[in-house]
Amino acid sequence: MSAVLRRLAGTAAVAAQAVLAPVPAAAVPDPRPSVTAQQQQPSVARLLTDLQRLYRQTEQATETYNATTEKLERQRAEVARLDGELARARLALRAQRLDAGRLARQQYQSGGGLGPYVRLLLAPDPQAALDEGHVIGELARERARAVARLTVAERRQDALARAARKALDTQLGLAARQKRQRDDVRTKLAGVERMLAGLTPDQLAAVARLEEQGVAKAQRELTTAGALPADRPSAPPAAGPAAPAADRAVRYALDQVGKPYAWGAAGPDAYDCSGLTSRAWAQAGVPVPRTSQEQWDRLRKVPLRRLRPGDLVVYFPEATHVAMYVGDGKVVQAPRPGRRVTVSPIAAHPILGAVRPAPGRPGRT
């Protein structure tokens with residue numbers, strides 16, 4: 001995680017990290033080194049906490065944006081479907097109207113404008129008149145059926161028109177929400193950039209070092225507690241029906257290492273966290289939900305000690321970050337803005353839990 005801080009600091013930050021220069025805690029030098037160290041550490045810890053908070057807020061806003069974008073895509077498809085049905089219903093209604101009109105004309109022409117009893121009395125051949133009356137009656141019944149079909153077609157068109165208008169209103173509302181959320185992400189990203197721009201190379205190096213120490217400590221605690229699976233590097237992929245797809249998903253995700261993080265991106269040139277995991281599993285032929293929250297909510301949960309390569313590790317109480325387990329206590333992830341897809345310790349963030357995609361089961365709907 002600390003590589004982005006060194007990169008954003010530029011060459012000066014790299015040099016500062018090499019010498020690991022401490023950050024002065026006050027403008028006036030304190031001749032007592034122990035007091036200076038005590039004053040420095042809270043300052044660095046505060047900087048790290050603030051940066052992590054900003055990154056977390058940005059990623060949460062990104063996942064909210066992603067969810068709205070996915071809903072908007074589905075709504076656009078629904079609008080297109082309803083528009084197609086409405087167009088077909090209008091054509092059917094036009095045909096029904098033409099049919100009803102044709103039958104009305106036929107009935108009028110066959111009836112000659114006279115009532116059935118008058119025609120029977122005046123007809124030279126009463127049997128022929130009776131037969132003609134039967135035909136006229138059948139025309140009347142067919143016309144009644146045509147009118148009934150016309151009524152059904154009109155009601156269907158009206159219902160589809162209302163549904164299409166409602167779907168379009170929903171689409172416009174989602175588009176407006178997506179724009180607001182996009183602006184929110186950009187605002188939070190600008191806050192991160194302002195904070196980073198205000199840090200000195202020494203501060204960046206100290207924050208990066210403290211962050212690395214925190215990750216290493218968390219990783220040791222997980223390992224010591226036996227919370228992680230006892231992976232064997234020489235072992236074959238995990239057994240079970242999901243193993244071939246999981247192996248393909250892992251290979252795809254690892255092939256993306258080095259590509260940049262970009263919020264809202266799902267490849268192939270850049271990714272955000274859930275964009276990487278959803279794309280990797282899609283490439284393996286298993287669709288999974290797009291966002292980290294949906295992946296957490298809809299996929300089957302598994303204990304950390306039973307993790308298999310390909311499982312998704314979800315982070316933070318709000319499920320705002322996700323990575324893919326690759327074995328040996330490591331995950332591949334798209335960490336955050338400014339970073340690139342990388343392999344990291346599983347304890348790179350506070351873990352919420354893990355889920356497992358399965359072929360044929362994209363998640364509850």
Side-chain angles (χ1 to χ4, degrees), residues 1-8 17 20 23 37 40-60 62-63 192 195-196 199 203-233 250 253-254 257 261 272-274 276-277 292-293 295-296 301-356:
M1 296 176 64
S2 58
V4 64
L5 301 174
R6 293 193 293 271
R7 189 182 68 78
L8 289 169
Q17 187 193 22
L20 297 177
V23 182
Q40 176 194 350
Q41 187 62 25
S43 176
V44 173
R46 231 179 357 257
L47 288 173
L48 177 58
T49 299
D50 290 345
L51 269 174
Q52 289 175 336
R53 174 179 52 80
L54 288 172
Y55 279 125
R56 183 175 170 185
Q57 289 175 352
T58 301
E59 194 153 47
Q60 185 169 5
T62 298
E63 291 299 281
V192 174
M195 183 172 181
L196 289 173
L199 299 181
Q203 287 174 315
L204 286 168
V207 168
R209 182 176 57 188
L210 184 60
E211 186 176 36
E212 289 175 346
Q213 291 170 352
V215 171
K217 180 175 181 292
Q219 188 79 8
R220 285 194 304 270
E221 289 175 350
L222 278 177
T223 303
T224 302
L228 299 180
D231 295 317
R232 291 178 293 140
V250 169
L254 290 174
V257 169
Y261 178 104
D272 61 19
C273 68
S274 58
L276 175 65
T277 54
S292 58
Q293 291 99 333
Q295 290 171 9
W296 173 248
K301 294 176 174 57
V302 294
L304 289 182
R305 66 181 180 278
R306 295 183 182 174
L307 277 174
R308 301 190 308 204
D311 290 346
L312 305 182
V313 182
V314 184
Y315 298 91
F316 301 113
E318 301 85 3
T320 51
H321 186 74
V322 64
M324 180 180 290
Y325 188 67
V326 296
D328 197 26
K330 292 183 172 60
V331 294
V332 58
Q333 62 167 328
R336 63 193 186 200
R339 291 286 304 276
R340 293 181 178 273
V341 176
T342 187
V343 175
S344 309
I346 193 174
H349 308 285
I351 298 174
L352 175 62
V355 293
R356 177 171 297 156

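Quick caveat, the model's predicted, so the values are computed rather than measured. For the single chain, residues carry numbers from 1 onward in sequence order. These numbers come from the heavy atoms of this one structure, side chains and all, not from hydrogens, waters or symmetry mates.
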Does the side-chain contact (heavy atoms from CB on, under 4.5 Å) test come out yes or no for V322 and L276, once each step is laid out? CA-CA 9 Å; V322 64; L276 175 65; over 6 Å; no
Note: V332 and A323 closest approach over all heavy atoms is O-CB, 3.6 Å
Could you tell me whether the side chain of V331 reaches within less than 4.5 Å of the side chain of M324, counting heavy atoms only? no
Output the distance between atom CZ (R46) and atom CG (L48), rounded to the nearest 0.5 Å. 12.0 Å
Check residues 221-228 and write down every donor-acceptor pair under 3.5 Å in which the side-chain atom is one partner and the other belongs to a residue at least two apart or another chain.
unit_1, atom_1, unit_2, atom_2, d
E221, OE2, K217, NZ, 2.6
T223, OG1, Q219, O, 3.0
T224, OG1, R220, O, 2.8

Interatomic spacing from CZ in R356 to CG in L307 - rounded to 0.5 Å: 7.5 Å
Give a yes or no on whether the backbone of A319 and the side-chain of Y315 come within a donor-acceptor separation of less than 3.5 Å. no
Atom of A45, atom of L210 and distance for their closest heavy-atom approach: CA-CD2, 3.5 Å
Would you please name every residue forming a side-chain hydrogen bond (donor to acceptor under 3.5 Å, both in side chains) with E63, sequence neighbours left out? N66, S274, S292
D311 side chain vs R308 backbone, donor-acceptor pair below 3.5 Å: yes
With rounding to the nearest 0.5 Å, note down the distance linking CG in D272 to OG1 in T58. 12.5 Å
Minimum side-chain heavy-atom gap Q293-T320 below 4.5 Å: yes
Assess the residue pair E318 and R56 against the criterion (side-chain contact (heavy atoms from CB on, under 4.5 Å)); give the C-alpha distance rounded to whole Å, side-chain angles, the decisive distance to 0.1 Å, and a yes or no. CA-CA 10 Å; E318 301 85 3; R56 183 175 170 185; 2.5 Å; yes
Which class fits the ring pair F316 and H321: parallel under 30°, tilted 30 to 60°, perpendicular over 60°? perpendicular
Residues E211, R336; criterion salt bridge (Lys or Arg N to Asp or Glu O under 4.0 Å); working and verdict: CA-CA 14 Å; E211 186 176 36; R336 63 193 186 200; 3.2 Å; yes
How long is the gap from CD on Q295 to OG1 on T277, to the nearest 0.5 Å? 3.5 Å
Looking only at heavy atoms, which two atoms of A334 and V341 are closest? And how far apart? CB-CG2, 4.1 Å
Could you tell me if the side chain of L47 sits less than 4.5 Å from the side chain of L204, heavy atoms only? no
Do other residues, nucleotides or ligands put more than 12 heavy atoms under 6.0 Å from R306 CZ? no
Could you pull out the closest heavy-atom pair between A354 and L304, with the gap in Å? CB-CD2, 4.1 Å
Measure the CD1-NZ distance between I346 and K330 for me, rounded to the nearest 0.5 Å. 11.0 Å
Could you check if a side-chain atom of Y261 sits within less than 4.5 angstrom of a side-chain atom of T62, using non-hydrogen atoms only? yes
